[in-house]
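Below is one structure; the comments refer to it alone.
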There are 2 protein chains.
Amino acid sequence: MSRYLEARRETLPPAVTDLAEQLAEAGYKVTGPRLAVLKAATALRGAFSVHELEQWLIARGESPGIASIFRTVRLLSDLNLLQRIHGLDDCHRYSLGKGHGHHLVCTGCGAMERFEDCGVQSLIQQLEQRTGYRISAHLVELFGLCPRCLAASAA
Amino acid sequence: MSRYLEARRETLPPAVTDLAEQLAEAGYKVTGPRLAVLKAATALRGAFSVHELEQWLIARGESPGIASIFRTVRLLSDLNLLQRIHGLDDCHRYSLGKGHGHHLVCTGCGAMERFEDCGVQSLIQQLEQRTGYRISAHLVELFGLCPRCLAASAA
DNA sequence: TTCATAGTTGAGAGATAATATCAATAAAAT
DNA sequence: ATTTTATTGATATTATCTCTCAACTATGAA
Ligand SMILES: [Mn+2]
Ligand SMILES: [Mn+2]
Ligand SMILES: [Zn+2]
Ligand SMILES: [Zn+2]
């Protein structure tokens with residue numbers, strides 16, 4: 001295990017140390033800037049943008065250079081620990097989460113539910129037959145209001 | 001009908017005059033730059049980027065300023081005559097087409113099939129029950145190889 | 001606990017995408 | 001044909017993201 005990570009394990013949320021361990025296992029160093037980004041991503045929950053990560057970090061006076069924030073996001077994405085969320089307009093949001101998945105995003109507050117099974121298999125088969133395409137990937141994202149925002153808007 | 005459009009109706013593809021008429025009906029002027037963009041979008045078919053529109057137009061020596069290309073794309077989008085396509089990486093491609101729809105895009109050549117019914121209704125109901133969200137919009141895009149690219153890759 | 005090394009960082013430059021400004025222009029209504 | 005008003009395009013500007021490279025630091029080995 002990483003010496004650097006051991007030294008601060010006590011001060012970090014478990015979700016952060018989990019992710020940091022996966023970085024170490026993949027052969028990457030566990031550094032201050034990387035831990036900072038992991039803390040921000042964990043704290044923000046939901047669907048966050050790089051800009052929001054940066055703001056969260058700046059507010060706490062522990063922001064790495066913007067280049068390193070982008071680099072860490074890219075790294076997490078390459079390791080499949082972070083998924084990109086395509087919004088209706090907004091295209092560059094992310095959420096922590098392993099592997100293939102989909103998102104139900106609140107357009108009011110950014111809250112988010114992740115789900116694995118999107119049920120497009122039969123659609124895919126049907127379209128392959130009709131069009132002759134061989135389909136190898138799909139994107140399914142849903143948008144709406146979370147219970148809280150729904151309640152707030154009813155008031 | 002637009003005087004400007006009448007004067008060049010003969011020289012334009014029907015698909016272009018159709019779209020131009022819809023601009024006029026919505027109260028917008030039918031101008032040279034706008035017709036040029038419509039010609040490019042119609043000619044490119046499939047899923048095109050703003051950059052590809054510009055290249056097509058430059059190659060024919062009739063490119064409006066880049067600002068006007070963006071403006072026309074935005075206008076068509078606002079009028080719901082153009083849909084934005086979210087790719088896996090590539091986020092800003094467009095396709096002509098009215099109203100809500102989905103796309104099956106060839107990752108080899110950019111060819112595209114549009115389809116209306118994506119069959120996520122039952123998924124939506126299921127998730128609304130489980131999460132308490134009220135879902136109001138969805139994104140469904142499929143990717144793969146078109147028959148031609150499939151044949152080419154089999155060689 | 002050092003030490004050497006290879007991976008990482010950050011400031012700043014640079015690339016790319018898109019928007020804002022505004023005087024000049026051109027389509028449309030008259 | 002003239003007037004009116006939307007539109008255009010050159011240019012500047014902003015936003016997003018990547019690159020470069022000297023300085024730094026986490027890690028494995030000693
Ligand atoms: Mn799926
Ligand atoms: Mn997108
Ligand atoms: Zn909400
Ligand atoms: Zn193809």
Side-chain angles (χ1 to χ4, degrees), chain A residues 1-9 12 17 20-38 48-55 57-58 61-79 82 84-87 89-94, chain B residues 1-9 12 17 20-38 48-55 57-58 61-79 82 84-87 89-94:
Chain A
M1 266 316 79
S2 154
R3 207 147 78 203
Y4 187 88
L5 179 55
E6 279 319 317
R8 33 230 93 218
R9 163 156 271 156
L12 294 169
T17 59
E21 274 168 21
Q22 299 189 64
L23 289 188
E25 271 162 40
Y28 294 94
K29 293 184 178 172
V30 175
T31 66
R34 282 175 178 162
L35 281 180
V37 171
L38 290 178
F48 51 83
S49 65
V50 170
H51 182 69
E52 286 162 1
L53 287 178
E54 189 188 24
Q55 290 311 305
L57 289 161
I58 287 175
E62 49 181 289
S63 185
I66 187 68
S68 287
I69 301 180
F70 276 105
R71 283 190 282 234
T72 303
V73 166
R74 156 86 67 102
L75 175 59
L76 292 171
S77 173
D78 288 348
L79 294 177
L82 182 87
R84 170 132 162 237
I85 297 177
H86 293 260
D89 324 285
D90 203 348
C91 278
H92 299 115
R93 302 184 84 77
Y94 302 88
Chain B
M1 266 316 82
S2 154
R3 209 146 79 203
Y4 187 88
L5 179 55
E6 278 319 317
R8 47 223 89 213
R9 162 156 272 155
L12 294 168
T17 59
E21 274 169 21
Q22 300 190 64
L23 289 188
E25 271 163 41
Y28 295 93
K29 294 183 178 174
V30 175
T31 66
R34 282 176 177 162
L35 282 179
V37 171
L38 290 178
F48 51 82
S49 64
V50 169
H51 181 70
E52 286 162 2
L53 287 178
E54 189 188 23
Q55 290 310 304
L57 289 160
I58 287 175
E62 49 181 290
S63 185
I66 187 67
S68 287
I69 300 180
F70 275 105
R71 284 191 279 235
T72 303
V73 166
R74 156 85 67 104
L75 175 60
L76 292 170
S77 174
D78 287 347
L79 293 177
L82 181 86
R84 176 192 273 186
I85 297 177
H86 294 259
D89 325 286
D90 203 347
C91 275
H92 299 119
R93 304 185 82 77
Y94 301 87

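Per chain, numbering begins at 1; letters A, B, ... match sequence-line order.
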Report task. Could you walk me through whether B/V37 and B/S68 pass the side chain to side chain contact (heavy atoms under 4.5 Å, CB included) test, one step at a time? Result -> CA-CA 9 Å; B/V37 171; B/S68 287; over 6 Å; no
Looking only at D/dA26, C/dA20, C/dT8, the nucleotide nearest the A/S2 side chain is D/dA26
Of the candidates C/dA17, D/dA26, C/dA28, the side chain of B/F70 sits closest to C/dA17
Assert: residue with more 5' nearest nucleotide on DNA chain D, out of A/V50 and A/R71, is A/V50
In the structure I gave you, are the side-chain heavy atoms of A/R84 and A/S77 within less than 4.5 Å of one another anywhere?
no
Is A/S68 close enough to C/dG10 that one of its side-chain N or O atoms is under 4.0 Å from OP1 or OP2 there?
yes
Rounded to whole Å, the CZ-P distance (A/R93 to D/dT16) equals 11 Å
From the candidates D/dC17, D/dT7, D/dT18, the one with an atom nearest any side-chain atom of A/H92 is D/dC17
Out of D/dT27, D/dA10, C/dA29, minimum distance to the side chain of B/R3 belongs to C/dA29
- Counting only N and O atoms by type, is there a donor-acceptor contact under 3.5 Å from the side chain of A/H92 to the main-chain atoms of A/S49? no
Checking C/dG10, C/dT19, D/dT8 against the side chain of B/T31 (C-beta onward), the nearest is D/dT8
When A/P64 and B/R8 are each assigned the nearest nucleotide of DNA chain C, the 5'-most assignment goes to A/P64
Report yes if at least one side-chain N or O of A/R74 is closer than 4.0 Å to OP1 or OP2 of D/dT18; otherwise report no.
yes
Separation of D/dA6 atom C1' from B/L75 atom CG, nearest Å, is 12 Å
Picking from C/dA28, D/dA10, D/dT27, the nucleotide nearest the side-chain atoms of B/A67 would be D/dA10
Between CZ of A/R34 and P of C/dG7 the distance, given in whole Å, is 11 Å
Quiz prompt | A/R34 side chain to A/K29 backbone, donor-acceptor under 3.5 Å | solution = yes
Which of D/dC19, D/dT7, D/dT27 is nearest the side chain of B/Y28? It is D/dT7
In whole angstroms, the gap separating C1' of D/dG28 from CD of A/E25 amounts to 17 Å
